[in-house]
Amino acid sequence: MAKDVAVIGVGQTSFVRGYEGSIRELAFEAFREAIQDAGMTQKDIAASVFCSAPEYDKQRSPAGVLAEYLGLIPQPTFYIETVCSSSSSGLKVAYSMIKAGLHDAVAVVGFQKMSEITSAESQERMGRGADIQWEAPFGTMMPAYYALYAQAYMAKNGLTHDDLRDVRIKSGTYGQTNERAVYRKGVKASDFDPTNPDAKMAGAVAWPLRVGDACANADGASCVILANAEKAKAFSKKPVWILGIGAASEAVNMAARPDFAKGLSVGYGAAAEAYKMAGITANDVKVAEVHDCFTIAEIMAYEGLGFAPMGDGKQLIREKATYKEGRIPVNVDGGLLSKGHPIGATGGSQIRTIVLQLRDEAGPMQVPGNPEIGLVHNVGGVGLYGNVTIFGR
């Protein structure tokens with residue numbers, strides 16, 4: 001396992017439903033925390049990568065604006081977009097630039113201010129993440145897409161509504177301990193009871209998905225600072241090394257995907273590439289962050305990452321194997337379901353959690369046993385883009 005590029009600083013804002021400042025101020029909060037964590041100044045950063053999904057705020061070409069505000073000019077700056085996996089893609093670009101010897105330290109800043117538009121406008125933009133000629137005009141949106149996968153899993157793999165509910169219960173268990181999360185309440189089975197008029201999570205969204213099966217939009221920013229081995233050792237007492245990176249893509253149109261009951265192909269492809277690069281298997285991973293934009297997405301991620309055989313992801317949640325004390329702790333920061341999902345910031349938030357876990361600095365979210373290897377699984381769109389990154393102490 002090569003240790004050539006490390007994460008030496010991480011930062012994240014609280015994820016909130018309505019941030020009052022600008023995207024400049026939002027990005028600055030995360031960047032300030034990360035650069036202080038790294039013990040650096042702006043002059044130590046050789047390049048920057050900004051990551052978001054466009055059209056949620058009015059600023060076009062935000063990289064230049066944000067780099068100037070953060071004091072990162074005249075160093076080069078770049079803008080990366082792969083919708084929900086943007087900041088994980090940004091990490092791969094930054095890693096590649098450092099590995100190539102172009103730069104010795106790069107800041108990756110993910111951000112999104114979704115509250116500038118209405119929920120209806122947000123759904124419309126998400127829908128246009130699909131093919132605007134052959135699919136989006138027919139009203140497809142994120143909940144409906146993931147509902148297709150949930151329906152297939154129920155029909156072929158024996159998945160139940162209770163399995164989906166239990167994913168959310170786990171999320172709520174850990175969301176309570178994450179001070180940066182939007183939703184910091186525990187979740188009970190009764191919250192999904194359709195006969196209970198006070199059960200707000202029971203409302204239908206797109207069958208079989210309910211309100212409680214979906215994550216919430218949010219405003220937020222994250223920052224990850226990467227450095228080459230020489231600079232990492234000079235600045236950091238606890239560098240967290242990038243051991244493996246995998247990425248994959250999939251057909252945009254659902255009609256081109258042969259079997260929804262097999263889950264998202266990008267998870268399998270990106271994981272296989274990352275495991276091969278790191279020289280490990282799924283059994284070596286001790287803590288993971290997966291892209292749980294919907295409860296079904298977490299179940300599918302278990303399988304794509306090799307934590308469970310295809311079709312058997314449901315068993316992990318039934319056995320509580322993905323709780324802190326289980327065989328493979330997953331989303332012990334509450335995941336997207338509790339933290340919220342500020343699109344461009346999500347991957348960086350997941351990375352921050354894993355870095356803190358490997359540094360034994362995750363506080364009440366810390367997995368016992370001092371984990372040595374962690375994994376981040378970040379998906380863009382409905383499995384259009386997939387990124388898996390493996391980290392080690």
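Note: hydrogens, waters and symmetry copies are ignored here, and every other heavy atom, side chains too, is used. We count residues from 1, following the sequence as given.
- Within the 4.5 Å cutoff, the side chain of Y56 has no heavy atoms near those of the S115 side chain.
- Counting heavy atoms from C-beta outward, I23 and Q59 have side chains that approach closer than 4.5 Å.
- Between the side chains of S85 and T82, at least one donor N or O lies within less than 3.5 Å of an accepting N or O.
- Atom CG in D213 sits 9.5 Å away from atom CE in M201 (nearest 0.5 Å).
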Test D259 against R257 for salt bridge (Lys or Arg N to Asp or Glu O under 4.0 Å), laying out the working first. CA-CA 6 Å; D259 189 349; R257 302 186 185 188; over 6 Å; no

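- Taken to the nearest 0.5 Å, the CD atom of E273 stands 10.5 Å off from the CD1 atom of I390.
- Distance alone, capped at 3.5 Å, is enough to place a donor-acceptor pair between the Y79 side chain and the S52 backbone.
- Side chains of E29 and Y19: a donor-acceptor N/O pair is present below 3.5 angstrom, by distance only.
- A donor-acceptor contact closer than 3.5 angstrom links the side chains of E25 and S22.
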Test log, rule salt bridge (Lys or Arg N to Asp or Glu O under 4.0 Å), inputs D163 and R318: CA-CA 7 Å; D163 295 327; R318 291 175 182 179; 2.8 Å; yes

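- Using a cut-off of 4.0 Å between Lys/Arg side-chain N and Asp/Glu carboxylate O, K99 and D4 are scored as salt-bridged.
- In terms of modelled atom types and a separation under 3.5 Å, the side chain of T295 and the main chain of V167 share no donor-acceptor contact.
- Taking both residues in full, the closest heavy atoms of F31 and A107 are given as CE1-CB, 4.3 Å, listed atom of the first, atom of the second, then distance.
- Remark: E179 does not engage R184 in a salt bridge, criterion side-chain N to carboxylate O under 4.0 Å.
- Side-chain contact check for L375 versus F391: every heavy-atom pair is 4.5 Å or farther apart.
- Side-chain atoms of T322 and Y302 form a donor-acceptor pair, as typed in the model, at a separation below 3.5 Å.
- In the model, Q366 has a side-chain atom that pairs as donor or acceptor with a side-chain atom of Q357 under 3.5 Å.
- No cation-pi contact links K92 to Y95, judged by a cut-off of 6.0 Å to the six-membered ring centre and 45° from its axis.
- E289 CD to T346 OG1: the interatomic distance, rounded to the nearest 0.5 Å, is 10.5 Å.
- Ring centroid separation for the pair Y149 and F260 comes in under the 6.0 Å cut-off.
- For NZ of K238, the number of neighbouring non-hydrogen atoms (other residues, nucleotides, ligands) closer than 6.0 Å is greater than 12.
- The environment of L102 atom CG is dense: over 12 non-hydrogen atoms of other residues, nucleotides or ligands sit within 6.0 angstrom.
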